[in-house]
2 protein chains.
Amino acid sequence: MASLVLALDLGGSRLRAAAVDADGKLHHREEVATTSLNGTKAITDRMIAMSRSVLDKCAGEDILGVGVSSAGPLDSEAGFIVSISTIPNFFDVPIVAILEDALNLQVTLENDAIAAAVGEWTHGAGRGVRSLVYVTVSTGLGGGLIIDGNVLHGRRGFAGHIGHMSIIADGRTCGCGNRGCWEAYASGTSFTTRARERVAQAPNSSVALKGDTLSAADVFAAARTGDELAQQLVDEQADLLGIGMVSLLHLFSPERIIMGGGLSHAFDQLHPGIKARIERGAMPAFRDVPVLRAACGDDAGLIGAAMTVFRRNS
Amino acid sequence: MASLVLALDLGGSRLRAAAVDADGKLHHREEVATTSLNGTKAITDRMIAMSRSVLDKCAGEDILGVGVSSAGPLDSEAGFIVSISTIPNFFDVPIVAILEDALNLQVTLENDAIAAAVGEWTHGAGRGVRSLVYVTVSTGLGGGLIIDGNVLHGRRGFAGHIGHMSIIADGRTCGCGNRGCWEAYASGTSFTTRARERVAQAPNSSVALKGDTLSAADVFAAARTGDELAQQLVDEQADLLGIGMVSLLHLFSPERIIMGGGLSHAFDQLHPGIKARIERGAMPAFRDVPVLRAACGDDAGLIGAAMTVFRRNS
């Protein structure tokens, strides 16, 4: 009889469930588009239904508990999700209580970036180290921190909002209401917005015809084929990522920085610019810390949520 | 027979030693000006002599070990001090090995800001919490972090260089070689430099005659007596401190921020401006975190260095 954890990953666009074993292997994985579900109850009902479906397939196995990774902000201590920006009217959902009532299993809630950091630490690019900073660059810019072998949570589980570190005080307005946040400059959304603005002023660019449909992937593809403006945009983005990473090196002194999220698909194109900024901005003792691409892909959240439960039970 | 720890605190200007008990009480305290000692060997010899003097007075007591707090940068894992900017020719000193050889006791080395953070946590303004950020604002700007009940060290014990988080990327040149660091804007040195520059352009200020002898204390005193420029300088300094603290709230989610160092003597004058910036810049869930003045004074390093040893032996 193997010990398994039921893992759920509630993202802005996808809801995933699987049984995860201690080696990080996924079993009976299910996935659905979050956007296909209408309203808070439809989402929590589907989470319960998917959980039961996975649990049914695990009959006879020992289920240690349930680990939930979710977009946020969320309060992992109190067990509720404050909101998820891409899901309308999803506010203050006591997800831990809802799932515990329905499943009669102990439920642990974790911020998705922290869960992904744990996934990378136990089964990805962070294996074998005691300290790492995980940076996810997608719509927003978030992170998860593991220092000296401990996952950082802080008050209410709110640690790791690395995207809301100011890199240019009183600069660009951020979605959080403050100005000058790293996220306002270096998130995938910021990158795409900047690219569209700049391409609109450069009718000769190979991607000019894309207009407002221009995506981050388009810019990276154009840079690969030698488009000068696209390469410049990629270089600027790498530099903006590097600026924040220099601060993270000085703050946390990790052994590795691991980059995940949508923009990590173009990691090879961003890496030289990131390293150049670190070489220039970090104090000498921090310059040799490697920046690596995340290795767990879309399953980092499921694996990390499960590992959080295994770790608490070990 | 009480258990005691021999604590040493090597600062840029003062060298202190004492026996510390588990309650954080200091016994047989000794202190000397570091600047009165000429050369690396004179300093380490004096550290040994002061240690022996304190130990002699503790005859019959159980000495658990030696805790050393030191200015840095230093490598607390390897046990050596890289350099101390105010002490000429003090480079790569293997202080742990030197003291262990001389005293035949186990020696633990800790960065002075981390030691002070531990002191505040166990016996000062941070008692009873699991997560705090300690910020020390003096010549430089440093910090120590305690999150979820753990002291953060990171690779080589280098975590907590909070003064070298960029707040205005590519801004003012910092002593570390990078540009835009928080320290370059908000350290005590930066405050005094800015004050001298601004006062030089304001011949009517009540502190104009001070010229290049103008100190931080002069500016705070003038602000208290209603000097407009001095008040403006204090407000700007508080805002610059607040900018960095907003980032620290988002990064670490502490229950408290504790401010020590020379500028904390004017904490009451800085606190309103710091809180105003936090109110404006922090996300709602972080705004109620209190910012407190450090409570251990000059002994935070000695107490923290000792508590590090007690904690490792408990």
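Just so we're on the same page: letters track the sequence lines, and every chain starts at 1. All values derive from a computational prediction rather than experimental measurement.
Chain A forms the most heavy-atom pairs under 4.5 Å with one residue out of B/N178, B/L248, B/V289, and that residue is B/N178. The candidate from A/L249, A/I167, A/I243, A/V246 with the greatest count of non-hydrogen atom pairs under 4.5 Å with chain B is A/I167. Contact count against chain A (heavy-atom pairs under 4.5 Å) is highest for B/M283 among B/M283, B/E255, B/R130, B/R179. Counting heavy-atom pairs under 4.5 Å between each of B/G180, B/G244, B/S131, B/G281 and chain A puts B/G281 at the top.
The two residues B/S247 and A/S166 come nearest to each other via the heavy atoms OG-N, 2.8 Å.
By the salt bridge (charged side-chain N to carboxylate O under 4.0 Å, His left out) test, A/R256 is found to be paired with no residue, residues two or more places apart in sequence or in another chain being considered.
With rounding to the nearest 0.5 angstrom, the NE2 atom of B/H250 is 15.0 Å from the CH2 atom of A/W182.
The contact list for residues 148-164 of chain A toward chain B, using heavy atoms and a distance under 4.5 Å, reads A/D148, A/N150, A/V151, A/L152, A/H153, A/G154, A/R155, A/R156, A/F158, A/A159, A/G160, A/H161, A/I162, A/H164 by residue number.
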Exercise. Do A/I147 and B/I147 pass the side chain to side chain contact (heavy atoms under 4.5 Å, CB included) test, and can you show the C-alpha distance, the side-chain angles, and the key distance before you say yes or no?
Worked result: CA-CA 10 Å; A/I147 306 296; B/I147 306 297; over 6 Å; no

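With a 4.5 Å cut-off on non-hydrogen atoms, B/L145 touches chain A through its side chain but not through its backbone. For a residue to count as touching a neighbouring chain, one of its non-hydrogen atoms must lie under 4.5 Å from one of that chain's; by this rule B/L240 does not touch chain A. Using a 4.5 Å cut-off between heavy atoms, B/S253 touches chain A through backbone and side chain atoms alike. Interface remark: B/I168 contributes backbone and side-chain atoms alike to the contact with chain A (heavy atom separation under 4.5 Å).
Using a 4.0 Å cut-off between charged nitrogen and carboxylate oxygen, A/D170 and B/R277 count as a salt-bridge pair.
No more than 12 heavy atoms of other residues, nucleotides or ligands lie within 6.0 Å of CD in B/Q106, so this atom counts as exposed by the packing criterion.
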